[in-house]
Novice: 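Below you will find the structure I want to go over with you.
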Amino acid sequence: MASRFWADTESEEEEEEITQSDDEGSEESATAPSGWVNKAKSYLKGAASDSDDSDTQGRTVKSTRERRNEEMLSTLEQIRNATKINDWVNIVDCFDKLNKQLEKVSRINDSNKVPTTYIKALVLLEDFLAETFANKEAKKKMSSSNAKALNSMKQKLKKNNKQYEELITNYRANPVDDEESESEDEEEPDMSDDGVDDVIEYPSDEDREKDGEDEDDEGERKGDWVKSQSKKDKQMDKQFMKDPSEITWEDVDKKFKDIIAARGKKGTGRVEQVEQLTFLTRVAKTPAQKLEILFSVISAQFDVNPSLLGHMPVGMWKRCVANMLLVLDTLNQYPNIVVDDTVDMDEKETIKGVDHKGPIRVWGNLVAFLERLDSEFFKSLQCTDPYTKDYIERLRDEPLFLVVAQNVQDYLERIGDFKSAAKVALRRIELVYYKPQEVYDAMCKLAEQNTGEEGDLEGEVQELSRGPPEFVKIPEIVPRKPTFPESSRDLMDVLVSLVYKYGDERTKARAMLCDIYHHAIFDEYPVARDLLLMSHLQDGIQLMDIASQILFNRAMAQLGLCAFRAGLINEAHGCLTELYQSGRVKELLAQGVSQSRYHEKTPEQEKLERRRQMPYHMHINLELLEATHLICAMLIEVPGMASPAYDRRKPVNKTFRRLLEISERQAFVGPPENVRDHVMAATRALTRGDYQKCFDTIAKLDTWKLLRNKDQVLDMLKTKIKEEALRTYLLTYSTCYESLSLDQLTSMFDLPEGRLHSLVSKMIMLEELHASWDQPTRCVVFHNVEQTRLHGLLFQMADKLSVLVESNERAYEASTGGTLEGLPRRRGENQETGVGGGPQGRWQENFVASQGRGRFGYSGRVSGTGGGYQKGTRGGFGSSRYQDAAQGGRVGGRTGSRGGQVDGAPRMVNLNRGIRA
Amino acid sequence: MASTHDLTWKVAPHLDRHLVFPLLEFLQERQLYNDEEILKAKIELLSETNMVDYAMDIHKSLYHTDQVPQEMIDRRVEVVARLKSLEESAAPLISFLQNAALVQELRPDKQYNIQMLNERYQIGADQIEALYQYAKFQFECGNYSGAADYLYQYRALCTNPERSLSALWGKLAAEVLMQNWDIALEELNRLKEIIDSKNFASPLTQLQNRIWLMHWSLFIFFNHENGRNGIIDLFFHDRYLNAIQTNAHHLLRYLATAVVVNKRRRNVLKDLIKVIQQEQYCYKDPITEFLECLYVNYDFEGAQTKLCECEQVILNDPFLGKRVEEGNFVTVPLRDEFLENARLFIFETYCRIHQCIDISTLAEKMNMSYDEAERFIVNLVRSSKLDAKIDSVSGTLVMSTNHINVHEQIIESLKNLNMRTYMLAKNIVEPAQAAAQASAAAR
């Protein structure tokens, strides 16, 4: 059969056609409809026009969606046929086709819901595969090509089915008819006009079962729901409207069990379940029972929105908060009730009444509830448009959560469960750490005012659960208002130390990062730096989850900003450069998605990424960040570029160099518009030594208004710019001068004499500038050290040779495991002889050298304070970022830095610039 | 105020009670604080020790009475009683140890010793324990030499590493207080080894132990003749440096002083300056600031003023300001050395960045008269430490600038490559040859 041969080798389209013809030709059993569709399709292929399509179809207008679905169905049919004759080659083809069609279908439906047809096919294949493998004799009889196809199919299916595992099991649990799956797929609003489907589908029982999967069908069946629900309600009322005293514990328990059993079953509305349970809480006979039911209410409330992307409705969230508070009230009222989620509970445990002595165990997990509550809050902020009023309204609910968290933490501490308390503390930390004092104060004020609102809420709750008065009354014991210490630092200190003491590794690391971030906001750079270095977070951050990596990146960014505000340019640069190296700052900080030109992200990746996003109010201003980074880079790079060719340093910040090149390539330079333009314009001025213009350009940036101490920072910046302008000027023009007087320089650069003297002295000491002071005449005398191009090249060669030798030695060491004996110590130490005041290996230089890109990091600050963190001697701001493994970014990044290391080595000689204060 | 840079209150918490006494004595002598305050501090210190008599004396001189509070008298009785009981319980072992002939029987093997003592002299673990208690009690009473002896012997018999460690600490303290610097240094090294090798329950305790060790070592290093190298070696040890940076920033003063004073260890200066810079936000004093002025900011005037302050600091520091009386003169050797070296530092740096210096300004910068300065320079030039000439007409010092020839520079940078490559080749070839020979021999 030639077609088979072709099927394997030809391009997609042909393959499709051929298999189809194969179908028709070789198998009489092909059913009419599928054949018809196929014909239509092959025709369509040939003509490749839509109007033709409708012609053949007898003017039935079909949407693309329907067509796709039909295609799929037909393929399914093909598979079915092929299974009958045990033709595996054909099955493999069909399977491929099916996958292609699935892609198309999901593209059209723009959802990632997998059509039931597809799942059905998978199930069919799976079954058949198992059957074939069971039947050994048949297998033996197979032709070789068939057997091969069988095996490959087995592999493929195994791989493929993994992603749909759940759906398959679902399907197996309740198989659906074809038509139904059809209509189920088409339940999107735009399809609602084909009424026939609706009519058929509506009453069908099976459909209800799919409740668990689709979210938006609620409205469609509202009518039905309401009816049945009211009926149920009536029953319940009838049962419980009796005199409350007649209701027994057993009644309530039975009803409770009924409702719980209905959870997730067909015909159970989530909202209704919540209502029913809430009703039950009112008639619960014992506090323990009430608690038990309350827990169920809360979990039912969480169930209302089953989707990962969406969030819980705000109202529901608030009610949930109220319920949590109620739970806490109960727990405080009856301290003998123990909440536990590890042991299996005794059935009758909750029958024990108020007067029962000894512990009563109730199943539940407060921390899990609280964490869920927090993440729902977070999600709702993610999903809300930050520019709307809704967002602000939602933000106002934050104190509400903090109350619950505080109370839960208090409770847990009281019962001595510090481990869980640490978890709760972390949640609280994560709500506070990014708030500067002003925002914190505002939040405190808001919390004060919030009482009125909460009253409304209570009313709402009352209203919701109309019915008999509560049987077990719980007074409000836990405070409904959060208490905040004066400064957020105090709060942070308390929480953080709790976490350090009792938290697990991840909690501790996160708390530490939040702590660093918070310190950085409050301009306590040294403290933040020490925390970072002592905790050795940089070493292990790559191994942590993405959320923590994002937090790490945020902390680094904030630390950079903090260093910049403190005038520590090199440090700031060290913190920020890596963030900007990849050009994916937004992604690294989870503040928006950056589009990559080169590869498309799959919908899954995008969705994942969207779920990681920081809510708007937590964002770090990107413009400010960029300005800081570029200005730091400018201050470092410009003098570097000015130094004479023979000892020109490797660019410290390649990103900046690249930007500069781009801007220099422009034929006409317009007035600066964005941050980058401004800095580039400033750079041009600085290169000429024109500090005033440089500063003016930079001062024009809008972002400075975001700084609290704007004037101070600008003053600092001005001094720094002057200093670097001086250095640039001296480096550029030293060859043109025999001498320059100190007075002239001071007037030129408007720097105090002492500072200027010290700057120039330092350059002389570090041999950046070949000059010396002439003390009686107060001027700098330049020594012209002529170096020809040949000399320069020779130096470069010497550098390269030493790298070569070094890498040889390293290779030797790597292969033998031992060090070379009898050799002088390498690196830092032996370089020292080469350059006066050269680097000496232990502290920064080693590190910088090994990183090779001159992150003037500080390394080696180590200790064992704090929560008993490990000691060691590594450090440096190795900011790592999270990278999607799927995108292969990490691999790229790693090798990049490898390369950097080797490259960086020859530059050791010049690294002493990094030591500058 | 002279006491602004006093570190006693920072150092004291890391010292043993008894070790604080010398510091207080020194402070009393320097009159940095009120006598009364110091005396009160002393009583406070003594309250936890057994040196009740001493405390009584101080109390008398403080309040100028002959009355002694009842509690002190009570305490005295208690102490004496306890001493008696301890003496009794430790008596068998002590009498054994005092007999030189019997001590001969002991061997290096602890297990054997214990067994032997137990079998022949009925001295069991209880007595050994009593020895420890007794030694500790002796120490508390101020009988350091006795304590040192007993502790030494205890260590030979003790099997509990924890106890052994604390006995070692006690021994070190006793030796320091008796000013046996050589032995103390030995004990110090022993202790250091144990601390570094031992597995502590938490890094925090290890850190604490290191910090203690460094504090205690100050006594030794500033008194022992080889101490100045010792302190640099110990403090610049990675782990110890980290400990300083973490929790004992004030030790930087002593490290800095030691580095300045030590002529042969100039190579560590750069490291030191880096550390000082890193820690400047949490610790600075004139000595560290002096180095910073000189080597970071090249601010010579600043260095000059700081140097004057340094002198005061050194004089007022219990460790640095040790006096030596020679005939009628009282000198503080460390101060003199420090000033001399500091001057040299200033001069060196100054010369490096200048090609022509007015000698009178130079003299001013170094706190010298013109003639003194000239003599100083001439000496340096003669000993060929300085490549310069004095222009006596204009009163200037002219440096001869010499730049390393580019040619030389290149040669210099390539010189050791040859050697390194050779070593590498040798390292690779030799094993290969050896292997070849071995295989040939096998055949």
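Residue numbering restarts at 1 for every chain, and letters A, B, ... go by the order of the sequence lines. Only a predicted model underlies this, so the values are computations on that prediction, with no experimental measurement involved.
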Novice: Would you give the length of the straight line joining atom CG of B:Asn297 to atom OG of A:Ser758, rounded to the nearest 0.5 angstrom?
Specialist: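 Separation between the atoms: 5.0 Å.
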Novice: Decide if atom OH of B:Tyr370 counts as having more than 12 heavy atoms of other residues, nucleotides or ligands within a radius under 6.0 Å.
Specialist: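 Counting neighbours around OH of B:Tyr370, more than 12 heavy atoms of other residues, nucleotides or ligands fall under 6.0 Å, so yes.
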Novice: To the nearest 0.5 angstrom, please state how far the OG1 atom of B:Thr349 sits from the CE atom of A:Met765.
Specialist: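 It is 5.5 Å, given to the nearest 0.5 Å.
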Novice: Name the member of A:Ile764, A:Val760, A:Asp774, A:Leu794 that forms the most heavy-atom pairs with chain B at distances under 4.5 Å.
Specialist: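 Max contact count across the listed options: A:Asp774.
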Novice: Side chain of A:Lys762, backbone of B:Val296: donor and acceptor closer than 3.5 Å?
Specialist: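 Between the backbone of B:Val296 and the side chain of A:Lys762 there is a qualifying donor-acceptor contact (under 3.5 Å).
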Novice: Can you see which heavy atom on B:Cys356 is nearest to which on A:Pro776, and at what distance?
Specialist: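 Scanning both residues, the minimum pair turns out to be O-CD, 3.2 Å.
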Novice: List the atom of A:Ser772, the atom of B:His354, and the distance in Å for their closest heavy-atom pair.
Specialist: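 Heavy atoms of A:Ser772 and B:His354 come nearest at CB-C, 3.9 Å.
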Novice: Output the distance between atom CG (B:Asn427) and atom OH (A:Tyr812), rounded to the nearest 0.5 Å.
Specialist: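 Between atom CG of B:Asn427 and atom OH of A:Tyr812 there are 4.0 Å.
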Novice: Quick check for you: to the nearest 0.5 Å, what is the distance between A:Leu533 atom CG and B:Gln245 atom CD?
Specialist: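 A:Leu533 atom CG to B:Gln245 atom CD measures 10.0 Å (nearest 0.5 Å).
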Novice: Is it the side chain or the backbone of B:Ile357 that comes within 4.5 Å of chain A heavy atoms, both, or neither?
Specialist: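 Both backbone and side chain of B:Ile357 come within 4.5 Å of chain A.
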Novice: Please classify the contact between B:Tyr295 and chain A as side chain, backbone, both or neither, with a heavy-atom cut-off of under 4.5 Å.
Specialist: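 The answer is neither part of B:Tyr295.
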Novice: Please report the interatomic distance CE(B:Met399) to CD(A:Gln775), rounded to the nearest 0.5 Å.
Specialist: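 Here the rounded value is 9.5 Å.
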Novice: Kindly indicate whether the side chain of A:Val805, heavy atoms from C-beta on, has any atom under 4.5 Å from the side chain of B:Leu424.
Specialist: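 Counting from C-beta outward, A:Val805 and B:Leu424 never come under 4.5 Å.
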Novice: If you round to the nearest 0.5 Å, how far is CG of B:Asn418 from CG of A:Leu801?
Specialist: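 Reported value, rounded in 0.5 Å steps: 11.0 Å.
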Novice: Take A:Asn808 and B:Thr421 through the test side-chain contact (heavy atoms from CB on, under 4.5 Å) and record every step on the way to the result.
Specialist: CA-CA 9 Å; A:Asn808 269 339; B:Thr421 318; 5.7 Å; no
